[in-house]
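These notes concern the structure reproduced below.
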Amino acid sequence: MLYKVSLGSSARGGPRFVWLCDDERTLRWAHGPGALSALGHTLDLRLVRGIRYGHALRPNALPHLCFSLLTQERSFDFLCPDEHTARCFVLALSRVCEHADGRIMTVREFAS
């Protein structure tokens, strides 16, 4: 489970179940496993123009737990429960979002 971060004044942020769909072109998130159907939100990964990893999304968040997916319209910000989860998501999304800036293709790139 990741946290979907909302930086505005709305209360849309909070814990979400986040997963990469079988088509590997869509990222989905929903409030809970019972809401994994049409109630969830989606992001067409072909629209992602950038991936940002390692920047704090909240004042109390550790940067290495955060990543954002940038589209022309907006950013989608996520806070992970641990560094391993964050790195797994960033690596997987970097491989799927072939034209995005800021991709991280290997574990070694996290250290640099």
Side-chain angles (χ1 to χ4, degrees):
M1 183 177 325
L2 307 183
Y3 278 84
K4 174 74 178 67
V5 178
S6 177
L7 298 178
S9 60
S10 74
R12 293 180 305 180
R16 301 288 189 271
F17 286 87
V18 181
W19 69 100
L20 182 62
C21 293
D22 290 338
D23 66 4
E24 294 186 351
R25 297 276 187 250
T26 307
L27 189 71
R28 293 188 66 102
W29 59 92
H31 285 281
L36 299 183
S37 60
L39 299 177
H41 297 277
T42 63
L43 171 60
D44 182 345
L45 294 173
R46 294 172 289 192
L47 301 176
V48 173
R49 295 177 179 234
I51 300 172
R52 289 184 59 204
Y53 168 75
H55 62 284
L57 299 171
R58 294 181 176 169
N60 60 345
L62 298 173
H64 61 277
L65 302 181
C66 304
F67 72 90
S68 297
L69 301 175
L70 311 174
T71 68
Q72 185 172 355
E73 304 287 320
R74 59 171 286 193
S75 70
F76 295 86
D77 305 312
F78 297 92
L79 174 60
C80 300
D82 56 65
E83 186 173 11
H84 177 75
T85 302
R87 288 181 172 198
C88 287
F89 264 94
V90 170
L91 282 170
L93 292 167
S94 292
R95 291 176 180 149
V96 172
C97 301
E98 297 173 348
H99 301 291
D101 292 329
R103 296 167 60 212
I104 297 176
M105 301 305 293
T106 67
V107 173
R108 289 183 186 192
E109 290 181 55
F110 284 105
S112 57

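Numbering of residues begins at 1 and proceeds along the displayed sequence.
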**Prompt:** Could you give all pairs that pass the salt bridge (Lys or Arg N to Asp or Glu O under 4.0 Å) test and reach residues 43-56, with sequence neighbours left out?
**Reply:** D44-R46
**Message:** Under a 3.5 Å distance rule, please check whether T71 uses its side chain to pair with a backbone N or O of E73 as donor and acceptor.
**Reply:** yes
**Request:** Could you list all the side chain to side chain donor-acceptor pair (under 3.5 Å) pairs where at least one residue sits in residues 86-100, not counting sequence neighbours?
**Result:** E83-R87
**Request:** With rounding to the nearest 0.5 Å, note down the distance linking CG in L47 to CG in L70.
**Result:** 12.5 Å
**Asked** What residues, two or more places apart in sequence or in another chain, satisfy side-chain contact (heavy atoms from CB on, under 4.5 Å) together with D22?
**Response** none
**Item:** F17, F89, F76, W19 screened by ring pair (Phe, Tyr, Trp, His ring centres under 6.0 Å) with W29, the one that passes
**Value:** F76
**Nearest-0.5 Å distance, SG of residue C97 to CG of residue L43** = 7.5 Å
**Request:** Please step through side-chain contact (heavy atoms from CB on, under 4.5 Å) for the pair L20 and L45, ending with a clear verdict.
**Result:** CA-CA 10 Å; L20 182 62; L45 294 173; 3.4 Å; yes
**Message:** Nearest 0.5 angstrom please: D82 CG to L62 CG, how far?
**Reply:** 11.5 Å
**Request:** Could you go through the side-chain contact (heavy atoms from CB on, under 4.5 Å) check for L93 and F67 one step at a time?
**Result:** CA-CA 11 Å; L93 292 167; F67 72 90; 3.7 Å; yes
**Fill in**
Minimal heavy-atom distance between G50 and A100, with the atoms involved, is N-CB, 3.9 Å
**Item:** Cluster link L91 to M105, ILVMFWY, side chain under 4.5 Å
**Value:** no
**Prompt:** Which is it for L69 and I51 under the side-chain contact (heavy atoms from CB on, under 4.5 Å) test, yes or no, and what are the steps along the way?
**Reply:** CA-CA 5 Å; L69 301 175; I51 300 172; 3.9 Å; yes
**Asked** Which of parallel (below 30°), tilted (30 to 60°) and perpendicular (above 60°) describes F110 and Y53?
**Response** perpendicular
**Prompt:** Between atom CZ of F78 and atom OG of S68, what is the distance when rounded to the nearest 0.5 Å?
**Reply:** 8.5 Å
**Message:** For a quick test of reading the model, state the closest non-hydrogen atom pair linking A86 to H64 and the distance between them.
**Reply:** CB-O, 3.6 Å
